[in-house]
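Scroll down for the structure; my scribbles are underneath it.
Order of listing sets the numbers, starting from 1, for every ligand and every atom in it.
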Amino acid sequence: MGENNYAKELDVAVRVVHMACSLCQRVQEGLVSSTSNDHVKSKDDDSLVTVADWSVQATVSLMLSASFSNQKVSIVAEEDVQTLSNSDSVGLLTAVVNTVNECLAEAPKYGLQSPKEALGTSQILEAISRCNSTGGRNGRHWVLDPVDGTLGFVRGDQYAVALALIEEGKVVIGVLGCPNYPRKKEWLNHHQSYQSMPKMSDTSDTWEKGCVLYAQRGSGEAWMQPLIHGNKKHTWSNSAQRVQVSAIDDPALATFCEPVEKANTNHSFTAGVAHSMGLNKQPLRVHSMVKYAAIARGDAEIFMKFAQSGYKEKIWDHAAGVIIVEEAGGVVTDAGGHPLDFSGVCT
Ligand SMILES: Nc1ncnc2c1ncn2[C@@H]1O[C@H](COP(=O)(O)OS(=O)(=O)O)[C@@H](OP(=O)(O)O)[C@H]1O
Ligand SMILES: [Mg+2]
Ligand SMILES: [Mg+2]
Ligand SMILES: [Mg+2]
C-alpha cells in the first residue's frame, strides 16, 4: 500500500473489514437458511438491526482499540446497545458474544492478533457502546456502518461493511467490504438470494463474489481485493487490483444506480432527471453502499439518491463510498453541487 501518512490505519482497516465480511457471510448464511427471525430486530424508526450489525461494530471497535492502543480511538458508528441490553434479548446477546469471539479468533488469518482469551458479555457491550463519538471538525474519528443495507442483508441480497477515517473534518481513508458483489456486474440486478450463487472453489484463483475496496485521500488510486474465503488454508496476501470509474460519457450508454426502497429515495424524481439527461437504460437498484462500489469499479456511471425532506443523511452511509469513488476518478456532490460535508457533529 506504499509509504504514506495513513499506511498503518489503512492496512489495519482493510484487514478488519475482511474479518467483518467473513463474519457477515456466516451470519447471513444462518439467517437465510433459518425459519426463525430471532436474530433480527426492529429499531424505533422501524429499520432493522441484526446480530451481524452489533457483532461487526464490536469487532471493529475491539480491533481498532487493540491496534491503536497508544491513541484515544474515537469511533462514530450506527448501532447502540439499547435493544441488545433488554431483558428479552438474552438469546440475541449470546449470539452476538459468540459471533464476535468466533470472528476475533480468526484475526491471525488476516495478520492481526486475537485476544488471549474469549471476551465476556460486558466487554463486548462496552466495545459496542464506546462507538458513540459525535465526530466533528477537530481531530481524528473513525466512521463505521457495520452493515449498510441491513434490509438487503436479511433478504440474502447486497449489503456492505463501511469503515472510514475522518481527520479535521475530511475523509482520509475509506474501506468498503461488499461480500456479495458478484463477479459479473449483470448479477447485481439479480433479485434472488446471493447465497445460492456459485462459490469460489478452494483451489481456484478466480472468484465469483465478494470484494473489499479501499482508497486513501489524494492518492488518485482506488483498489479492490477479492474476499479471503472461509478456508483455513488461505492466509492474508495482498492481491489488490486498481479500479477506476467508467470512461463512458455518452448518457445514452450510461446506467444509473439508486436505492431499492421507495422510502429511501424518490424514484419518480430520479426517473425525470434521468430522462432529461438522455439516460435511457433501466436503473440499477441495489441495496447499500455497493452502489458506490459499482461506480468506483466502472460497472455503472451515476448514483442518485434523493431522500425525503426531513431525513438527515448519516456520515457512515457515505464516507467510505465517497472517498473510494473520488479516488477512482469520480465526482460526488449534494443536490446543490457541493462536496459532502463530513465535519458536522452527529447527534
Ligand atoms: N427515510 C430514509 N431516507 C433515506 N435513507 C434512509 C432512510 N431510512 C434509512 N435510510 C438509510 O439508507 C441506508 C440504506 O440505503 P440504501 O441506498 O441501501 O437503500 S435501499 O435499501 O437500497 O433502499 C440505511 O443504512 P443501514 O441502516 O445501514 O442499512 C439507512 O441509513
Ligand atoms: Mg447505512
Ligand atoms: Mg447499517
Ligand atoms: Mg441501519
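Under the 4.5 Å side-chain heavy-atom criterion for grouping Ile, Leu, Val, Met, Phe, Trp and Tyr, L340 is connected to V325 within one hydrophobic cluster. Put simply, Y181 and F256 are part of two different groups of oily side chains (I, L, V, M, F, W, Y) that touch within less than 4.5 Å, one to the next.
No cation-pi contact links R140 to F68, judged by a cut-off of 6.0 Å to the six-membered ring centre and 45° from its axis.
Here the N, O or S atom of D317 that is nearest to the Mg ion (ligand 2) is OD1. In D148, the N, O or S atom that comes nearest to the Mg ion (ligand 2) is OD1.
How far OH of Y159 is from SG of C21: 6.5 Å, rounded to the nearest 0.5 Å.
To the nearest 10 degrees, the Mg ion (ligand 3) sees O of V147 and OD1 of D145 at an angle of 90°.
At a threshold of 2.8 Å, the Mg ion (ligand 3) has no backbone or side-chain N, O or S atom of E79 nearer than that distance. Taking backbone and side chain together, E78 holds no N, O or S atom under 2.8 Å from the Mg ion (ligand 2). Residue V49 does not count as close to the Mg ion (ligand 3), with no N, O or S atom under 2.8 Å.
For the pair E301 and T255, the minimum side-chain heavy-atom distance is below 4.5 Å.
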